[in-house]
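Small disclaimer: the values here were computed from a predicted structure and weren't measured. Protein chains get the first letters and strands the later ones, always in sequence-line order, with residue 1 at the start of each. When reading the values below, keep in mind they use all heavy atoms of this one structure, side chains included, and skip hydrogens, waters and symmetry mates.
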Protein chains: 2
Amino acid sequence: MKDTKQKIIDAAITIFNEDFSAPLENVADVAEVTRRTLHRYFADRQDLVNACQNTMQESCRKAMEEVYSNFENPLERFENMLYAAIDCGVKFSFLHRLHNNEHHSHSQHNNDCKNYDRTFNKFKSTLDELKNAGLLDASLTMEWIEMLVTGIVTAAINSEKAGNVARTNIKKFSWHSLSRGILA
Amino acid sequence: MKDTKQKIIDAAITIFNEDFSAPLENVADVAEVTRRTLHRYFADRQDLVNACQNTMQESCRKAMEEVYSNFENPLERFENMLYAAIDCGVKFSFLHRLHNNEHHSHSQHNNDCKNYDRTFNKFKSTLDELKNAGLLDASLTMEWIEMLVTGIVTAAINSEKAGNVARTNIKKFSWHSLSRGILA
DNA sequence: GACATATTTCTCAGATATGTGACATTCTCT
DNA sequence: AGAGAATGTCACATATCTGAGAAATATGTC
């Protein structure tokens with residue numbers, strides 16, 4: 001049985017991902033609690049948003065580091081980082097958007113940003129390894145490949161939500177399309 | 001000089017795409033008008049949202065039909081539909097999200113939905129042509145490919161916004177990644 | 001200058017969202 | 001059964017958003 005606080009955070013991530021200014025009532029509904037209970041755990045909207053940030057951050061960081069330590073081969077690392085990102089699902093893309101939209105000035109001084117960078121750098125350095133090994137298509141830029149990965153994660157999430165692609169196929173297809181799309 | 005009404009609609013598409021429940025004040029700010037002026041053109045929030053819908057609908061439909069009539073070859077059609085979708089940018093992905101999120105029950109009876117389907121079917125039928133010509137990787141499903149395309153359009157939009165991929169390269173990279181990702 | 005039209009400014013009332021206090025109810029242990 | 005914690009209910013104060021009227025100001029046209 002998931003504890004209430006976590007249930008609220010999960011609901012908030014779901015709702016805020018779709019509609020960042022949605023009323024807290026909607027979050028409470030999805031979490032199956034009262035608005036009053038929500039406020040027992042979170043002082044105000046900002047407090048809840050921060051909790052979402054931390055949860056997403058921690059979840060993604062853990063997933064990335066696990067892959068990083070479990071695989072040596074750059075190509076395997078890369079493939080499994082894609083799978084990890086898909087598993088983190090909404091958390092991954094939501095976090096990505098938060099740190100890259102125009103209203104957010106990404107700064108090294110901010111602690112959230114530092115954590116985000118640390119996590120995402122694990123991913124970038126793996127990409128660099130691939131490049132140095134000559135495995136990447138040289139006509140593409142690193143920046144495009146980063147964007148493409150998040151685009152494919154988005155596709156995977158949408159497929160999952162829409163339910164029109166067999167669950168067991170989603171990761172397979174994602175890697176199929178990504179690897180052919182960027183490897184030499 | 002763009003007329004005010006259109007300016008407001010464009011601002012609304014930008015803002016609502018990022019934050020669907022954002023206050024109208026934000027829309028007015030981006031459109032560089034007063035909230036009062038906004039209300040002289042649009043009765044209420046819903047009215048504005050509808051106008052956005054229509055604009056996006058029309059813009060995408062026109063772009064798709066133009067490609068459809070200008071190209072005979074299925075592969076060229078497909079490639080140029082991708083470019084058209086990227087040109088429509090936010091309009092394309094926003095529209096797609098509106099018709100595919102969980103709070104929207106997509107129905108053939110609704111006129112908006114009918115238009116959306118008609119536009120999107122142009123795209124699907126082109127995909128079918130490719131499949132029948134044996135050009136698609138047989139291990140992938142049509143549904144996945146549809147999702148992938150919108151994912152790549154998202155990647156293109158984000159690249160454009162972030163400005164870290166040369167403008168002239170975005171379409172090239174998009175097609176490169178998409179075509180290798182799905183063609184046999 | 002006179003005129004029509006578009007926009008801003010200021011204003012306000014109603015609606016909706018937010019956060020909290022007081023107390024009732026339910027759940028969970030032992 | 002009964003203590004204690006968690007949650008729900010209800011009422012309330014406050015803040016923000018929304019939509020609209022009225023008058024002032026700008027913009028363009030003849």
Collect all protein-nucleotide pairs involving nucleotides 5-7 of chain D in which both atoms are nitrogen or oxygen and the distance is under 3.5 Å.
{"from": "dT7(D)", "atom 1": "OP1", "to": "T4(A)", "atom 2": "OG1", "distance (Å)": "2.3"}
{"from": "dT7(D)", "atom 1": "OP2", "to": "Y41(A)", "atom 2": "OH", "distance (Å)": "2.3"}

Exercise. Listed by chain and number, what are the side chain to side chain contact (heavy atoms under 4.5 Å, CB included) partners of L75(A), not counting sequence neighbours?
Worked result: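 Applying side chain to side chain contact (heavy atoms under 4.5 Å, CB included) to L75(A) gives N73(A), L130(A), W175(A), L183(A).
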
What protein N or O atoms touch nucleotides 25-30 of chain C N or O atoms at under 3.5 angstrom, if any, and at what distances?
none

Polar-atom pairs under 3.5 Å, protein N or O versus N or O of nucleotides 23-29 of chain D: list them with distances, or write none.
none

Exercise. Which residue pairs satisfy the ring-ring contact (aromatic ring centres under 6.0 Å, His included) criterion with at least one member in residues 41-66 of chain A, sequence neighbours excluded?
Worked result: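 Pairs touching residues 41-66 of chain A that pass the test: none.
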
Enumerate, atom names and distances included, each donor-acceptor pair closer than 3.5 Å involving a side-chain atom of residues 21-36 of chain A, sequence neighbours excluded.
{"from": "S21(A)", "atom 1": "OG", "to": "D19(B)", "atom 2": "OD1", "distance (Å)": "3.2"}
{"from": "S21(A)", "atom 1": "OG", "to": "D19(B)", "atom 2": "OD2", "distance (Å)": "2.5"}
{"from": "E32(A)", "atom 1": "OE1", "to": "K7(A)", "atom 2": "NZ", "distance (Å)": "3.4"}

Problem set entry | All salt bridge (Lys or Arg N to Asp or Glu O under 4.0 Å) counterparts of K171(A), not counting sequence neighbours | D87(A)

For this session: Take the C1' atoms of the five end pairs on each side of the helix from dG1(C)-dC30(D) to dT30(C)-dA1(D), derive the two axes, and give their angle rounded to 10 degrees.
Result: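 Axis-to-axis angle, ends of the helix: 40°.
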
Could you list, one pair per line, each protein nitrogen or oxygen that sits under 3.5 Å from a nitrogen or oxygen of nucleotides 12-19 of chain C, together with the distance?
{"from": "dT18(C)", "atom 1": "OP1", "to": "R45(A)", "atom 2": "NH1", "distance (Å)": "2.6"}
{"from": "dT18(C)", "atom 1": "OP2", "to": "L24(A)", "atom 2": "N", "distance (Å)": "2.9"}
{"from": "dG19(C)", "atom 1": "OP2", "to": "R45(A)", "atom 2": "N", "distance (Å)": "3.4"}
{"from": "dG19(C)", "atom 1": "N7", "to": "R35(A)", "atom 2": "NH1", "distance (Å)": "2.9"}
{"from": "dG19(C)", "atom 1": "O6", "to": "R35(A)", "atom 2": "NH2", "distance (Å)": "3.4"}

Problem set entry | With sequence neighbours excluded, residues passing ring pair (Phe, Tyr, Trp, His ring centres under 6.0 Å) with F123(B) | F78(B), F120(B)

List, one per line, each side-chain donor-acceptor pair under 3.5 Å for residues 65-72 of chain A, sequence neighbours excluded.
{"from": "E65(A)", "atom 1": "OE1", "to": "R61(A)", "atom 2": "NH1", "distance (Å)": "3.0"}
{"from": "S69(A)", "atom 1": "OG", "to": "E65(A)", "atom 2": "O", "distance (Å)": "3.2"}
{"from": "S69(A)", "atom 1": "OG", "to": "E66(A)", "atom 2": "O", "distance (Å)": "3.2"}

Exercise. Taking D44(A) for the side chain and D47(A) for the main chain, is one N or O donor matched with an acceptor at less than 3.5 Å?
Worked result: yes

Using residues 142-154 of chain A as the side-chain source, report each donor-acceptor pair under 3.5 Å to any protein atom, sequence neighbours left out, with the distance given to one decimal.
{"from": "W144(A)", "atom 1": "NE1", "to": "S177(B)", "atom 2": "OG", "distance (Å)": "3.1"}
{"from": "T150(A)", "atom 1": "OG1", "to": "M147(A)", "atom 2": "O", "distance (Å)": "2.9"}
{"from": "T154(A)", "atom 1": "OG1", "to": "T150(A)", "atom 2": "O", "distance (Å)": "2.8"}

